[in-house]
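Quick notes on the structure that follows.
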Amino acid sequence: LEDMYLAKQLYNSGMKIGYVASAAVHHIHNETLSKIKYRYARESVALQKIMPEIHISFFDFLRYFFNAIIYDIFEALKQKKLVKNIGKIIFLD
């Protein structure tokens, strides 16, 4: 979220922001469910302060949540790792 805060400050001061498709993105997949819940809560509070104009309804939440699960299931199927990871995908593990 620090990047979003900086980007908003730069944009508001008249600078331009660009997307770089080759930029590295790192995902950490070994967090416990309680750490994930805490991170999301912390990030939602920060996002609300950075961009108060964004409003996400409960319907939006459900749509994002189930789309993410479906995407992860299809990715696990492509990698032939669905049986091993189905619990992790739907937060049962």
Kindly work out whether a path of hydrophobic side-chain contacts (I/L/V/M/F/W/Y, heavy atoms less than 4.5 Å apart) joins [X] to [Y].
X: Y71; Y: F66; answer: no
X: V83; Y: L77; answer: no
X: I86; Y: I36; answer: no
X: F59; Y: I54; answer: no
X: I70; Y: F61; answer: yes

Nearest 0.5 Å, please: how far is [atom2] in [Y] from [atom1] in [X]?
X: F74; Y: Q79; atom1: CZ; atom2: CD; result: 14.0 Å
X: R63; Y: I56; atom1: CZ; atom2: CD1; result: 9.5 Å
X: I89; Y: K81; atom1: CD1; atom2: NZ; result: 11.0 Å
X: I90; Y: N85; atom1: CD1; atom2: CG; result: 11.5 Å
X: I50; Y: M4; atom1: CD1; atom2: CE; result: 6.0 Å
X: Y38; Y: E31; atom1: OH; atom2: CD; result: 12.0 Å

Exercise. So does E75 have more than 12 non-hydrogen atoms from other groups sitting under 6.0 Å from CD?
Worked result: yes

Exercise. Does NZ in K35 sit with more than 12 non-hydrogen atoms of other residues, nucleotides or ligands closer than 6.0 Å?
Worked result: no

Problem set entry | Smallest separation among heavy atoms of S44 and A41, with atom names |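 S44 and A41 have their closest heavy atoms at OG-O, 2.8 Å.
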
Exercise. Where is the tightest heavy-atom contact between E53 and K8, given as atom of each residue plus distance?
Worked result: OE1-NZ, 3.7 Å

Exercise. Just by distance, do the side chain of N67 and the backbone of Y64 share a donor-acceptor pair under 3.5 Å?
Worked result: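 No, the answer is negative, given that no donor and acceptor are paired below the 3.5 Å cut-off.
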
